[in-house]
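Worksheet: one structure, shown below.
Quick note: residue numbers are just sequence positions, from 1.
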Amino acid sequence: MWSSRINGTIFYAYQVCPREAWFYYHRLNPDKEHPLLDLGRLVHETSYTRARKEIFVDRLLKIDLFRGELVAEIKRSQRHKEAARLQLAFYLYYLKNEKGLEMEGVILFPRERRSERLKLTLELENRIRKLLQEMQETFSNSKPPPLQRCRWCRSCAFEEVCWA
């Protein structure tokens with residue numbers, strides 16, 4: 001039984017910055033008018049317009065779209081490619097373990113006209129399991145992880161929360 005509130009957004013954010021993920025997990029959301037969030041929404045809305053998008057699974061996962069038999073995740077750029085790979089692996093892991101569906105996935109970078117297929121391997125499953133345990137420990141704390149400046153802080157929607 002899945003007992004977590006960890007969704008795809010939180011899982012992705014944790015790979016970039018555990019503090020940002022902690023904010024999302026505790027339902028502290030950034031300003032919806034942040035320019036980079038707007039840009040991400042624009043890419044999502046204007047790409048693959050003929051496909052059915054945003055398929056919700058158990059009110060936990062929001063799969064961007066299905067491309068044939070593949071679970072597809074749309075990303076604005078390859079900037080956080082590893083985080084995107086792990087987010088998609090998390091979706092595949094959830095579908096396998098909670099729904100009995102063994103599927104493969106693809107990450108789509110429409111602005112760069114690139115894509116990358118992903119298969120859930122045993123190694124990836126173990127990594128997802130380990131990350132979920134790590135996240136549960138982080139999110140059970142009443143305070144966010146300590147501040148730690150990284151190169152992504154300048155473009156983060158929580159920058160003012162952390163550094164103002």
Legend entry - Side-chain donor-acceptor pair present, Tyr94, Asp58, cut-off under 3.5 Å: yes

Legend entry - Nearest-0.5 Å distance, CZ of residue Arg41 to CG of residue Asp38: 4.5 Å

Inset, instruction - State yes or no: do Leu37 and Leu39 share one hydrophobic cluster built from I, L, V, M, F, W and Y residues joined by side-chain heavy-atom distances below 4.5 Å, directly or via other members? - result: no

Legend entry - 4.5 Å side-chain heavy-atom contact, Asn7 and Arg59: no

Inset, instruction - Starting at NE2 of His80, measure out to NZ of Lys75 and round the result to the nearest 0.5 Å. - result: 9.5 Å

Inset, instruction - Pick out which of Leu86, Asn97, Leu92 makes a side-chain contact (heavy atoms from CB on, under 4.5 Å) with Ile128. - result: Leu86

Legend entry - Any side-chain heavy-atom pair of Leu65 and Lys53 under 4.5 Å: yes

Inset, instruction - Evaluate the side-chain proximity of Arg149 to Trp163: yes if any heavy-atom separation is below 4.5 Å, no if none is. - result: yes

Legend entry - Side chains of Glu112 and Ser77 in contact at under 4.5 Å (non-hydrogen atoms): yes

Inset, instruction - Treating Ile, Leu, Val, Met, Phe, Trp and Tyr as nodes and any side-chain heavy-atom pair under 4.5 angstrom as an edge, say whether Phe109 and Val106 lie in one connected cluster. - result: no

Legend entry - Trp22 side chain to Asn141 backbone, donor-acceptor under 3.5 Å: yes

Legend entry - Cluster link Phe158 to Val16, ILVMFWY, side chain under 4.5 Å: no

Legend entry - Side chain to side chain, Cys17 and Trp152, heavy atoms closer than 4.5 Å: no

Inset, instruction - Give the minimum heavy-atom separation between Ala72 and Leu108, together with the two atoms involved. - result: CB-CD1, 3.8 Å

Inset, instruction - Decide yes or no for Glu69 and Glu104: does some side-chain heavy atom of the first lie under 4.5 Å from some side-chain heavy atom of the second? - result: no

Inset, instruction - Report the relative orientation of the aromatic rings in Phe139 and His26; use parallel for angles under 30°, tilted for 30 to 60°, perpendicular for over 60°. - result: perpendicular

Inset, instruction - For residues Met135 and Tyr25, determine if any side-chain heavy atom of one lies less than 4.5 Å from a side-chain heavy atom of the other. - result: no

Legend entry - Intermediate values then yes/no, side-chain contact (heavy atoms from CB on, under 4.5 Å), Asp64 and Tyr48: CA-CA 10 Å; Asp64 286 344; Tyr48 312 102; over 6 Å; no

Inset, instruction - Applying side-chain contact (heavy atoms from CB on, under 4.5 Å), run through Leu118 and Leu124 and close with a yes or a no. - result: CA-CA 10 Å; Leu118 183 76; Leu124 260 177; 3.8 Å; yes

Inset, instruction - Measure from the side-chain N and O atoms of Lys62 to the backbone N and O of Thr9, and report whether any donor-acceptor pair falls under 3.5 Å. - result: no

Inset, instruction - Report yes or no: is the cationic atom of Arg52 (NZ for Lys, CZ for Arg) closer than 6.0 Å to the six-membered ring centre of Phe66, at no more than 45° off its axis? - result: no

Legend entry - Cationic N near anionic O, under 4.0 Å, Glu82 to Arg127: yes

Legend entry - Donor-acceptor pair, side chain of Ser140 and main chain of Glu137, under 3.5 angstrom: yes

Legend entry - Sidechain N-carboxylate O distance under 4.0 Å for Arg114, Glu116: no

Inset, instruction - May I have the step-by-step check of side-chain contact (heavy atoms from CB on, under 4.5 Å) for Leu70 and Met103, ending in yes or no? - result: CA-CA 7 Å; Leu70 300 174; Met103 302 181 79; over 6 Å; no

Inset, instruction - Enter the distance from Arg79:CZ to Ser155:OG here, rounded to the nearest 0.5 Å. - result: 4.0 Å

Inset, instruction - Could you check whether the rings of Phe90 and Phe11 sit parallel, tilted or perpendicular, using 30° and 60° as the cut-offs? - result: parallel

Inset, instruction - Could you tell me which non-hydrogen atom of His34 sits nearest to which non-hydrogen atom of Cys156, and how far apart they are? - result: NE2-O, 3.7 Å

Inset, instruction - Flag yes if Leu131 and Phe23 sit in one hydrophobic cluster, no otherwise; membership is Ile, Leu, Val, Met, Phe, Trp, Tyr, and two members link when side-chain heavy atoms are under 4.5 Å apart. - result: yes

Inset, instruction - State, to 0.1 Å, how close Ala84 and Tyr12 come at their nearest heavy-atom pair, and which atoms those are. - result: N-CE1, 3.6 Å

Legend entry - Smallest separation among heavy atoms of Leu120 and Ala89, with atom names: CD1-O, 3.8 Å

Legend entry - Single hit among Glu20, Glu134, Arg19 for side-chain hydrogen bond (donor to acceptor under 3.5 Å, both in side chains) with Tyr14: Glu134

Legend entry - Residue pair Thr49 / Glu45: nearest heavy atoms and the distance that separates them: CG2-O, 3.7 Å

Inset, instruction - Mind listing the closest non-hydrogen atom pair of Asn29 and Tyr24 along with its distance? - result: OD1-CD2, 3.5 Å

Inset, instruction - Answer yes if Leu42 and Ile74 sit in the same cluster of Ile, Leu, Val, Met, Phe, Trp and Tyr residues linked by side chain heavy atoms under 4.5 Å apart, and no otherwise. - result: no

Inset, instruction - Check whether any side-chain heavy atom of Gln78 sits under 4.5 Å from a side-chain heavy atom of Ile107, and report yes or no. - result: no

